[in-house]
Number of protein chains: 2
Amino acid sequence: MIQQFMKDSQQHNTILDLAAALNLSPATVSRALNNTSYVKKETKERVLEMALKLGYRKNKMAAGLRNNKTNTIGLILPKISMYFHAEVVTVVQNLLHAKGYNLIIGQSNDDPGMEKELAETFFSSRVDAIIVSCTLETEDFSPFDIFSTHQIPILFYDRVPPETYRARVIKGDDFNGGFLAGKHLVEAGCKHIGMINGPMTSNIYEARAAGFIAALRMLQGKEEPKLFFQQQLQAEETREALKKMFKGKSKPDGLFVTSDRNAVTVLQYAKENGIKIPQELRLVGYSNDPVTAVVSPSITTIDQYPALFGEKLVATLMEMIESPPTDEYQPAVITPVSLIERESA
Amino acid sequence: MIQQFMKDSQQHNTILDLAAALNLSPATVSRALNNTSYVKKETKERVLEMALKLGYRKNKMAAGLRNNKTNTIGLILPKISMYFHAEVVTVVQNLLHAKGYNLIIGQSNDDPGMEKELAETFFSSRVDAIIVSCTLETEDFSPFDIFSTHQIPILFYDRVPPETYRARVIKGDDFNGGFLAGKHLVEAGCKHIGMINGPMTSNIYEARAAGFIAALRMLQGKEEPKLFFQQQLQAEETREALKKMFKGKSKPDGLFVTSDRNAVTVLQYAKENGIKIPQELRLVGYSNDPVTAVVSPSITTIDQYPALFGEKLVATLMEMIESPPTDEYQPAVITPVSLIERESA
DNA sequence: TACTTTTATGAAAACGTTTTCATAAATTCG
DNA sequence: CGAATTTATGAAAACGTTTTCATAAAAGTA
């Protein structure tokens, strides 16, 4: 009965196969499947039943081509395995799935060339929207222009373009994060406070530094602190910076490290060199990577609430997809941060 | 000149637009773009130049529909943010991108229902192949049947179906991992060795337990050890297990915990309860999560070489995609593990 | 009853590619 | 030089949907 309509099992069956098996037109089958427009109740049931029997699944590509909608969102980020990003991706993917969207992920590995390549690929794949956290060095954002010119929603997060590049942005309150760190160290009584920062080409490190300096200036009345280092976030560089810091006569008694991984490196360096934390050196990290909670001493750090971040991302994205495009200026959404006090400071 | 051919900027231009602008047929343009078949050198140059000028990008959906190839791979895993998986995904995505494939990711959150849903979605999206690491509880693998019946390569890794479900599989050498852990604890002189394992419904925990027991049996001559616990990998459950273990009179002096996160929990419990590691309790974890290297004492663990894992995944997948499907039985690929000795044991 | 509206379905076009089938021009070969 | 081959291009069909435009039947309304 049914078998006579079933094609070679390796073939996909289509809406035409369903139509043939039911003596209906493909149009009606499509309508039944998507319950758009009028379809007799009985017909719809017959279609659904047959679809089940033949194991029919819609070819999303064909539908996408026709509808000009892929139900796919592209996500470009530096590296999935970084704690903050892994958490964000986790919730973003879950929420998008619930809303019927696929997520395609591309890692720039902090290489602007790769980032551009991914933008092109995703555009070519006709993603319905795109989410981007930039490279540490991205200065030319024009590879993303195609999206705006083609009215494809683009949403930057965390590492974002400057205000001058008009785009929707969600970012953590890095200035406040830096400020909280500085304030905490000052209030703990530190006199010589240093900082090991990431590259200032990236907005997040720039803002963390600005907030931090503002705190020192406001609360200690100091101008430009001396013990500043910026680097590419490698453990080796952190050690270099520490060596320099502790060589001089004005050793730091407080240190703000803008990445938890590097804060852990500081911890190890301190242990190796007999520097007591927090007695001799108070330490504040950034991100609330779970590792900071289990090392000893545990590390005081700034939580960025990545899950909340992810939720806001998806909510904003959906709003962008659903509402008609507007040229209105949309101020950056700032998500909160807070200081998690632990043993290191 | 050119502008007259440019459409409204929000429109995508197509191969037809190129053809019109150049007074060529779409066929020739396509041939020039993909350099298939004969195209005069000069023509090809003209096409490429115009493509650049008009900012043409191929619509991958249309191409995919026509070619029955999406250049997209689906990946289903429990949760991206787990260390092992994050590392695997990182290298898999990078390698796939280099080979011209997009990666779409779906998280089952260890829910078999969600896993099934994702399989359906990815099938519907016509992925060229699919990579799966199962739920801890997946027992019914039939949701994946569609792929095999439609000749779509499917490759399981890490958490895989049993031998009886014929499918290509890449897994870590969990038996050996368990064996190495057991051997190490025995050789360290432990007499009462316990184990906290994940759910035995999953092949990985079953194999780790089997290897571990084999080691104790072979090297200690003991039959079924007493101090066995299995649980769902939650910190709370680990604490419960520990409470029970240390309540009895035969307290363990060695412990194999088949997940590093839980090994860290053991560390904390030990600290809270004044149990000295490694003096009173030797501890071995599993996965070589970076956290094990930075806690103190650092944790001896089993490395699974996730990067190597990812490389093998992609290599095998490419082979499956490129070579004609075969019914030949393909034995599971086993990737190596090794014991990383640290302070805890 | 005769008209309008609602319900139900089908034919055909469209989405943007690629490829098969033609055909013509250019080149090679005997 | 004429025939065979290679090079170069175009027309049209195809991939699997969805949707517009018809049209017909059923239901509602005056």
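So that the names make sense, note that chain A is the first sequence line, chain B the second, and so on, each numbered from 1.
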Sugar-phosphate only, base, or nothing, as touched by A/N68 at under 4.0 Å among non-hydrogen atoms: nothing
Sugar-phosphate, base or nothing in reach of A/A27, heavy atoms under 4.0 Å: base
Euclidean distance, atom NZ of residue A/K69 to atom P of D/dG16 [Å, nearest integer]: 23 Å
Residue A/Y56, side-chain heavy atoms: nucleotide from D/dG10, D/dT18, D/dT17 that is nearest: D/dT17
Whole-Å distance separating the NZ atom of B/K41 from the P atom of D/dT9: 14 Å
Donor-acceptor contact below 3.5 Å, side chain B/S142 vs main chain B/D145: no
Side-chain N or O of A/Y38 closer than 4.0 Å to phosphate OP1/OP2 of D/dA27: no
Whole angstrom value for the distance that separates P of D/dG10 from CG of B/N23: 9 Å
Distance, rounded to the nearest Å, where B/E42 contributes CD and C/dA26 contributes C1': 15 Å
Side-chain N or O of B/T14 closer than 4.0 Å to phosphate OP1/OP2 of C/dG16: no
Sugar-phosphate, base or nothing in reach of A/K58, heavy atoms under 4.0 Å: sugar-phosphate
Protein-nucleotide distance (B/K40, atom NZ; D/dT6, atom C1'), rounded to Å: 15 Å
Position toward the 5' end of DNA chain C (nearest nucleotide), A/V29 or B/L33: A/V29
Sugar-phosphate, base or nothing in reach of A/T43, heavy atoms under 4.0 Å: sugar-phosphate
Atom-to-atom span, CG of A/D17 to C1' of D/dT17 - whole angstrom: 13 Å
A/T138 backbone acceptor or donor facing A/E115 side chain under 3.5 Å: no
Whole-Å gap separating C1' (C/dA14) and NE2 (B/H12): 16 Å
A/N34 side-chain N/O to D/dT18 phosphate OP1/OP2 under 4.0 Å: yes
Phosphate OP1/OP2 of C/dA11 contacted by A/S25 side-chain N/O (<4.0 Å): no
Distance test, side-chain N/O of B/S30 to OP1/OP2 of C/dT18, below 4.0 Å: yes
Geometric class of the A/F84/A/Y157 ring pair [parallel <30°, tilted 30-60°, perpendicular >60°]: tilted
Euclidean distance, atom CG of residue A/L65 to atom P of C/dA13 [Å, nearest integer]: 17 Å
Side-chain (A/N13) to main-chain (A/L54) donor-acceptor, under 3.5 angstrom: yes
Minimum-distance nucleotide to B/R31 side chain [options: C/dG16, D/dT17, D/dT9]: D/dT9
Sugar-phosphate, base or nothing in reach of B/L24, heavy atoms under 4.0 Å: sugar-phosphate
base_contact_polar (C/dG16 base, A/R66 side chain, donor-acceptor, <3.5 Å): no
Residue B/K79 excluded, over 12 heavy atoms near NZ under 6.0 Å: no
Pairwise 5' ranking along DNA chain D for B/T28 and B/A62, keeping only the more 5' one: B/T28
From CA spacing to verdict: side chain to side chain contact (heavy atoms under 4.5 Å, CB included), A/Y101, A/K99: CA-CA 6 Å; A/Y101 285 89; A/K99 296 198 179 288; 4.1 Å; yes
